[in-house]
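Here's the structure we're looking at; comments come further down.
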Amino acid sequence: MENEEDMGNEEDMENEEDIGNEEDMENEEDMGNEEDMENEEDMENEEDMENKEDMENEEDSDSRETITSKKTAQRIRDHYTLQAIADLLRDNKWSIQKFLQTWVSADAVDSNNTVLVIEHHPRWKTSSRRQKVLKKALRSSELLQFCPSTDQCSRIKSELDCLLSTFYFGKFDYSLNLDSIDFSQAFTTMESTAPFFFTLLHEIMRNPRFSWKSYSGTQRSADLYKRIYMVISLVCFSRNKKSSNFLSSVLDIYLIGSGCKRRVLESLSGLGVCHSYSQANRSIRHLAENARCAIATFAQNPKAYVAYDNFNFKNHVRDEYLGHKSSMVNLTTAVVMLCPEIPSNGLTQSMHNPSIKLDIRDVFNSSAIYGKDDGVGSAITRGLIVDAIKRLHSTSVLEVFKHTESLCFSMPQLQQIDTHACKTEFYQLGSIPENEGTIEGTIRVHDRIWLEHFNIQASENPDDDFSTRLWLLHGDQLTTHHIRRVQTERFYEQRPYDQRKWLMAVPAWFHIQLNLMKTIVRTHWGPIDQRKVAPHTLEADIRTLGRSFSSRDNILYHQIQPLLAQSFTSRVVALFYSAIETRGYLPEAALFKEWRENVQNWDDLISKLSSSQFNELVEDVRLCAFTEEAWSGNNTDIDPAFTTQCRFLQEIEWFLTIQHAVKSGDIGLLRRAVDLLIPIFYGAGQTNYGQEMIYYRWLLSPANTPELQHAILASGLVNWQGKAYHNKPVDLGLEHLNGACKIEMSSYKNSTHDIDIIFDRVCLTNTWIRKLRNQVESLFGEVITGAHTVASTQQDIFTLLRKIQSENFSMPRAVNIWKSQNIWISENILTAGMDVLDEKIALFNKQYVYANNSIVMGYSSLEEAIDTTIALDSLEETQDSIMDPTIMWWIMLY
């Protein structure tokens with residue numbers, strides 16, 4: 001019975017197939033008839049237009065007819081082929097499902113364990129090959145439209161719902177710790193939580209030639225994973241804007257913090273990449289509030305210390321109305337940091353004894369002035385000379401010391417702190433709308449920082465937080481001077497907070513460097529009398545090199561700093577060339593001017609020197625221009641122009657030494673420089689910073705314990721990146737942080753988004769956004785160091801060098817030559833500074849050294865001390881004429 005039913009079913013199926021075939025045949029015949037009728041009509045139309053059209057149209061018509069007939073013939077052949085396959089399936093009693101299952105199933109094995117393969121069909125020979133063929137066929141656009149997709153869509157939706165509960169695809173948390181973000185974990189999450197959707201996107205988005213053996217393109221999986229993460233995040237964000245906004249919120253903050261224009265944000269929001277501009281601003285406000293709470297906790301760390309500086313600019317208003325006009329704005333920005341070198345239990349006021357005077361003998365007998373330093377000063381000079389030669393002949397110096405690198409002179413290391421081991425942790429405080437340029441403003445700044453931002457209670461209790469802990473505060477000369485003034489005026493206050501004994505002001509090194517630059521500009525800009533011969537001046541070098549600045553009044557930091565390095569290099573290498581000539585190392589060809597004018601000839605000559613010969617030449621340069629005798633010029637037979645050159649070089653040497661010490665984190669070199677800077681500043685007439693360096697030297701005297709002295713020096717440097725030789729002065733770091741305010745002002749400032757909102761919001765979120773920017777750019781963007789691209793100045797250096805050499809100003813000239821000229825000689829600032837050193841130190845001790853029961857030693861009353869301080873304040877407070885490029889935009893704000 002079952003066989004009969006099967007046969008009946010088969011007959012029914014055959015009848016249905018026959019009927020279907022007949023209908024198909026009829027449809028095809030109808031279609032063929034219609035096509036024939038259309039062809040006939042086309043032929044008639046063509047015949048009507050034969051007289052009007054040219055031969056080319058007739059050929060096109062014949063071609064279309066041929067194509068149409070070929071398509072018709074192909075359809076017929078396909079039909080008969082399909083008929084044959086259908087007959088074959090019927091004869092073998094196979095359904096389509098049975099056929100496909102067998103097509104992809106494993107290869108059969110006979111009784112001899114031999115794998116049975118399909119002969120004469122290489123593409124279908126094994127099951128793995130057949131599977132690939134089927135997959136490729138199913139991905140074609142003709143078949144995808146007939147594939148049921150309901151189950152696949154449901155599976156994708158289910159996977160997306162599961163992603164909502166994960167960290168990198170869920171809701172953004174404004175209090176999250178950026179150090180915990182690792183976007184590589186996002187790739188693992190999407191691969192494990194949404195495997196089907198991830199695989200689908202991976203197959204779709206990779207290069208179609210990826211599987212080809214001949215394909216040589218570099219398809220990096222990491223790049224593809226980043227794009228897949230972006231696509232999945234966009235899909236999740238589109239489905240759940242509130243529950244899945246992690247990446248979109250990250251991009252909001254990244255774009256706002258990078259100064260992206262509002263119209264760009266709105267366009268990206270329309271594409272679904274991020275939120276709108278208003279929502280992005282709300283995200284920034286959330287971050288600011290979280291940062292405000294975190295600062296109070298951060299400041300409780302015993303290793304915390306502070307730096308602040310004034311931020312003054314003119315706030316330009318375009319549309320003025322009552323109460324809303326352009327005006328000068330005086331703000332203060334501050335940053336609180338952690339110094340690893342501060343003891344773990346913090347600094348205490350007992351570490352400082354204000355009753356110990358500064359002994360002038362400690363300054364006179366210092367290694368930098370007296371000279372007994374175990375050769376440290378000579379080693380510094382040799383290291384700077386070699387660095388200068390390397391700037392012009394780097395490959396030659398490397399060739400000289402190719403096998404004896406350890407013999408090459410380098411800068412000594414005295415006491416290098418380990419600031420590169422980890423990044424400096426810091427928070428920038430919110431906007432402080434006070435002017436720290438006044439005494440009252442300084443007092444209010446302290447209130448804002450410690451009482452409001454740090455949330456420390458100031459009470460009448462003598463055992464409160466301000467009675468034992470000692471806070472270090474770094475700032476410029478104006479900041480430290482005003483703090484000392486406040487401490488003097490409030491010595492007899494009742495509350496420990498008001499007395500300010502808990503605060504120790506420390507001069508910051510960037511402003512010290514600025515004023516050392518100012519000293520060089522003062523002493524070696526050029527003579528007032530233009531009739532004097534002055535080849536070793538900044539003015540002469542500016543003319544030779546064709547620089548744009550020509551006045552000493554408004555020299556910018558980014559202009560004068562490279563000029564000093566180039567002036568130093570040119571003269572040092574010129575002395576090196578002269579030493580080569582003196583020792584007889586020049587070839588005969590050097591007698592001709594053309595040979596000397598080619599820097600490559602000097603390169604070849606230096607590369608042939610031995611390491612011992614090179615070091616002897618370096619020592620010749622040091623003995624020629626970097627000794628006390630070369631500085632003094634006491635010998636009446638010495639060329640005054642050469643004496644000026646020696647003083648010019650040695651002053652730049654001081655600056656380069658401090659610059660190297662800061663960058664390398666060598667506080668031993670910085671400590672050594674403090675003693676020397678005292679007579680330098682006083683000798684150059686910079687009394688304000690001369691007094692600051694006496695104060696700094698007092699902080700490094702027995703008035704403070706060794707632990708406190710070490711903390712004072714170490715806390716003056718920060719390392720935002722946590723890399724070796726990336727240290728910077730703390731005040732320069734603050735200036736760089738303030739640059740974010742400039743970006744915000746130029747991008748978003750308007751009548752409602754005013755400076756109060758900008759400074760408060762930007763300063764509080766600056767730390768967080770900087771970390772986020774590094775995270776995003778390190779993964780998704782190109783690695784950018786952030787360093788300025790510096791143009792090569794080798795040609796400038798060699799041009800200046802050859803000019804000095806050709807005019808015979810690199811070495812001392814004969815008396816009969818220079819006696820006939822009106823030579824300008826620079827001032828001996830060291831002698832001038834040493835002459836007043838005793839008087840200035842005595843005055844400092846009288847002003848600031850406290851006795852046990854009186855405010856200031858040497859004064860009979862508080863009134864006398866304050867009157868003297870006010871008299872000192874009445875002296876003209878000179879501003880830094882060498883301006884920092886990071887703050888020059890203040891005067892250009894809209």
Side-chain angles (χ1 to χ4, degrees), residues 352-378 380-381 412 414-415 477 480-481 484 504-509 511-513 515-516 518-519 523 626-628 631-632 647 650-651 653-655 657-658 661 666-706 708-713 716 827-850 856-858 872:
H352 173 59
N353 187 350
S355 64
I356 298 179
K357 292 184 178 182
L358 177 62
D359 194 339
I360 190 174
R361 290 172 295 184
D362 293 339
V363 179
F364 275 124
N365 295 331
S366 63
S367 60
I369 295 179
Y370 190 60
K372 289 186 177 181
D373 56 0
D374 297 327
V376 173
S378 300
I380 292 173
T381 303
L414 300 187
Q415 189 181 1
Q477 184 271 335
T480 57
H481 173 268
R484 295 195 298 270
M504 178 172 286
V506 182
W509 278 102
H511 284 83
I512 295 174
Q513 287 179 272
N515 280 271
L516 183 54
K518 183 177 179 181
T519 294
T523 57
F626 292 90
T627 60
E628 183 181 352
W631 170 276
S632 63
R647 293 174 180 174
Q650 291 189 40
E651 288 182 18
E653 178 192 11
W654 304 333
F655 173 78
T657 301
I658 295 176
D666 195 333
I667 60 176
L669 287 175
L670 292 178
R671 187 183 193 121
R672 186 179 185 276
V674 171
D675 295 291
L676 188 60
L677 289 174
I678 299 173
I680 288 174
F681 284 136
Y682 275 119
Q686 293 185 259
T687 56
N688 288 336
Y689 266 87
Q691 187 181 42
E692 283 302 297
M693 299 320 296
I694 290 179
Y695 170 66
Y696 207 142
R697 182 62 181 84
W698 180 59
L699 295 180
L700 303 178
S701 72
N704 291 329
T705 63
L708 180 54
Q709 295 178 36
H710 180 81
I712 288 171
L713 287 166
E827 184 181 356
N828 187 345
I829 59 174
L830 273 181
T831 301
M834 296 297 289
D835 289 342
V836 301
L837 192 58
D838 190 10
E839 173 190 351
K840 298 299 182 181
I841 291 179
L843 180 61
F844 173 83
N845 287 330
K846 190 175 183 180
Q847 291 174 353
Y848 296 109
V849 179
Y850 290 42
V856 184
M857 294 185 67
L872 290 171

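The structure presented is a predicted model; accordingly, all values stated were derived computationally and were not measured.
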Inset, instruction - Any chance you could lay out the side-chain contact (heavy atoms from CB on, under 4.5 Å) test for Leu676 and Leu830, step after step, and finish with the verdict? - result: CA-CA 9 Å; Leu676 188 60; Leu830 273 181; 4.0 Å; yes

Inset, instruction - Answer yes or no: is there a side-chain heavy-atom contact under 4.5 Å between Met834 and Ile369? - result: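 The answer is yes, as the side chains (C-beta and beyond) meet within the 4.5 Å cut-off.
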
Legend entry - Sub-4.5 Å side-chain heavy-atom contact between Phe655 and Thr519: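 Result no, sub-4.5 Å side-chain heavy-atom pair not found.
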
Distance in Å, [X] [atom1] paired with [Y] [atom2], rounded so as to fall on 0.5 Å steps:
X: Leu700; Y: Met693; atom1: CG; atom2: CE; value: 8.5 Å
X: His511; Y: Tyr689; atom1: NE2; atom2: OH; value: 5.5 Å
X: Ser701; Y: Asn353; atom1: OG; atom2: CG; value: 9.5 Å
X: Ile678; Y: Leu837; atom1: CD1; atom2: CG; value: 6.0 Å
X: Thr657; Y: Ile380; atom1: OG1; atom2: CD1; value: 5.0 Å
X: Leu516; Y: Trp654; atom1: CG; atom2: CH2; value: 8.0 Å

Legend entry - Pairs where residues 676-685 contributes a residue and the test salt bridge (charged side-chain N to carboxylate O under 4.0 Å, His left out) is met, not counting sequence neighbours: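 Qualifying pairs: none.
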
Legend entry - Of all pairs that satisfy salt bridge (charged side-chain N to carboxylate O under 4.0 Å, His left out), the ones with a partner from residues 681-699, not counting sequence neighbours: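 Listed once each, the pairs are Arg484-Glu692, Asp675-Arg697.
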
Legend entry - Phe844: partners by ring pair (Phe, Tyr, Trp, His ring centres under 6.0 Å), with sequence neighbours left out: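 Partners of Phe844 by the ring pair (Phe, Tyr, Trp, His ring centres under 6.0 Å) criterion, ordered by chain and then number, come out as Trp698, Tyr848.
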
Legend entry - Residue list, side chain to side chain contact (heavy atoms under 4.5 Å, CB included) with Ala673, at least two apart or on another chain: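 Partners of Ala673 under the side chain to side chain contact (heavy atoms under 4.5 Å, CB included) test: Ile658.
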
Does [X] have any side-chain hydrogen bond (donor to acceptor under 3.5 Å, both in side chains) partners at least two apart in sequence or in another chain, and if so, which?
X: Glu653; result: Thr381
X: Arg672; result: Asp373
X: Tyr696; result: Trp509
X: Gln415; result: His710

Inset, instruction - For the pair Glu651 and Trp631, evaluate side-chain contact (heavy atoms from CB on, under 4.5 Å) and give the outcome as yes or no after the intermediate values. - result: CA-CA 10 Å; Glu651 288 182 18; Trp631 170 276; 3.7 Å; yes

Specify the closest pair of heavy atoms between [X] and [Y], including all atoms of both residues, with the distance to one decimal.
X: Ala661; Y: Leu669; result: CB-CB, 3.5 Å
X: Gln709; Y: Leu699; result: CG-O, 3.6 Å
X: Ala684; Y: Thr523; result: CB-CG2, 4.5 Å

Legend entry - Contact list for residues 830-843, test side chain to side chain donor-acceptor pair (under 3.5 Å), sequence neighbours left out: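 Residue pairs passing side chain to side chain donor-acceptor pair (under 3.5 Å), neighbours aside: Asn828-Thr831.
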
Legend entry - Full working for side-chain contact (heavy atoms from CB on, under 4.5 Å) between Leu708 and Ile712: CA-CA 6 Å; Leu708 180 54; Ile712 288 171; 4.1 Å; yes

